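Below is one structure, written out as structure tokens; the observations come after it.
Here the structure is a predicted model, which is why all the values come from computation and not from measurement. Chain identifiers are assigned alphabetically (A, B, ...) following the order of the sequence lines, protein sequences preceding nucleic acid strands; residue numbering begins at 1 within each chain. Below, all heavy atoms of this structure are taken into account, side chains as well, without hydrogens, waters or symmetry copies.
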Protein chains: 2
Amino acid sequence: MGVIERKEREKEEMRKSILDAARKLFLEHGYEKTSIRNIAEAIEYSPGTIYLYYKDKNEIIFALHNESFGVMMAYFQAIVSIEDPFERLVAMGRKYLDFAFENPELYELMFLMKSPIETLECRSEIWEHGHLATGMLKMIIADCIKEGYFKNTDIEAMCMIIWSSVHGLATLHVSKRTSMYPEDERAGRIWAGFEMMVKMMRNGL
Amino acid sequence: MGVIERKEREKEEMRKSILDAARKLFLEHGYEKTSIRNIAEAIEYSPGTIYLYYKDKNEIIFALHNESFGVMMAYFQAIVSIEDPFERLVAMGRKYLDFAFENPELYELMFLMKSPIETLECRSEIWEHGHLATGMLKMIIADCIKEGYFKNTDIEAMCMIIWSSVHGLATLHVSKRTSMYPEDERAGRIWAGFEMMVKMMRNGL
DNA sequence: TTAATTTATAAACAGTGTTCAGTAATTAAA
DNA sequence: TTTAATTACTGAACACTGTTTATAAATTAA
């Protein structure tokens, strides 16, 4: 009797439809203005039902957090074929910023919001996707060193500052701190900062 | 009759006492867990009274946002006497990170939270303090160029990437994205990243 | 002392995340 | 096929949130 298999499948479908509704509402109106009641209404169930599939709102946010790493990785797909490791590194930075610019809400979820991280901090599986992404970066840095770039540099420290730099640029944009500049200048200033970083990495190490 | 002067003074005192209570609760329990009712209770007034002195919660947050820039500037006070402009720049970065590490809630308020910026985006006075701080950074960069550092570099782009880099490091810490590393390693990794940046700036330009 | 004005309050509104007793639907057993 | 057991779902309730407003109290001016 494949009834438990079907039930399992139905349960998974329900979890997915909740997540689909949550993602849609979240991207449409932002996290703060999306409530459990909104999500419930969207899938035409009562609010209580959500809690039969997700422990709380944090678990929904965290599910989207994980998903988003997949989206980001898809951006990186295009750079793996680049031969020169330094050019690959630069291209990865560019793609990182592209992702942040084109998906500010997802970026916020992944790297800015405290709520899902704070509550799930104890569970080590939270960092699974994070380690995957930084692992990719470290590999490229290692390749750079092999090819003669970045002589005598600590990979961990290099990973830290490269990530931080693009993360800083992305964050200024996502949390609207570039609004101090006219709208038509904002993106340009970010990219000019990025190019300066590339220049420093090229000549400074 | 100095009654209107006294009333004005009393009004200002009330605004201050509200802000004091808000700051205390905010630093104690975080922004998200501090409500208007909490603040009202702390100063022993009814919730509605708060709204006679501040338009809404955002205006309270924004008042703290402005205050915090003063606190950060106090951190920078110690570096103005440093002769060599490059060393002054490095010291400023160090102080910036010190501030972020020692006042994570204030840092969040100033550079991460969207709520006060988003709603007050139209009013240009919001950026007053921001321009003051970046102005200071740009001055130091200009001094560096005068002294022979950073040849042929655009000050604006340089300002952008320097700020972004330390901001990125600070943000990873404040929004708990360094929790993927063991607690006793976190600060060290941030500082190692910073030193790498300094190294690149010293040699790369 | 009275009138006008300012200041503060309590209650209400519309919303939030979350829990839980009770009901409806489905599955298993007789 | 009927009954028992299990599962799925609901709607109301709880304790909150930011904010508004009619009402009442305190203060000032006449």
**Message:** If I take atom NZ in residue B:K11 and atom C1' in nucleotide C:dT7, what distance separates them, rounded to the nearest angstrom?
**Reply:** 9 Å

**Prompt:** Does the distance from a Lys or Arg side-chain N to an Asp or Glu carboxylate O, for A:R23 and A:E67, drop under 4.0 Å?
**Reply:** yes

**Asked** Looking at CG of B:L112 and OG1 of A:T171, how far apart are the two atoms once the value is rounded to the nearest 0.5 Å?
**Response** 7.0 Å

**Item:** Spacing between A:L25 atom CG and C:dT16 atom P, to the nearest angstrom
**Value:** 11 Å

**Fill in**
To the nearest angstrom, the CD-P distance between A:E8 and C:dT26 comes to 19 Å

**Request:** Within residues 32-56 of chain B, find the residues that approach DNA chain C with a heavy atom at under 4.0 Å, and present them sorted by residue number.
**Result:** B:R37, B:Y45, B:S46, B:G48, B:T49, B:L52, B:Y53

**Message:** What is the distance, to the nearest angstrom, from the NZ atom on B:K57 to the P atom on D:dT17?
**Reply:** 9 Å

**Asked** Are the charged groups of B:E87 and B:R202 less than 4.0 angstrom apart, N to O?
**Response** yes

**Message:** Ring centres under 6.0 Å, that's the criterion: do A:Y96 and A:Y107 meet it?
**Reply:** yes

**Prompt:** So, are B:K24 and B:E28 salt-bridged, with charged N and O less than 4.0 Å apart?
**Reply:** yes

**Atom-to-atom span, CD1 of A:I60 to P of C:dG17 - whole angstrom** = 9 Å

**ring-ring contact (aromatic ring centres under 6.0 Å, His included), paired with A:F69, selected from A:F99, A:F111, A:W127** = A:F111

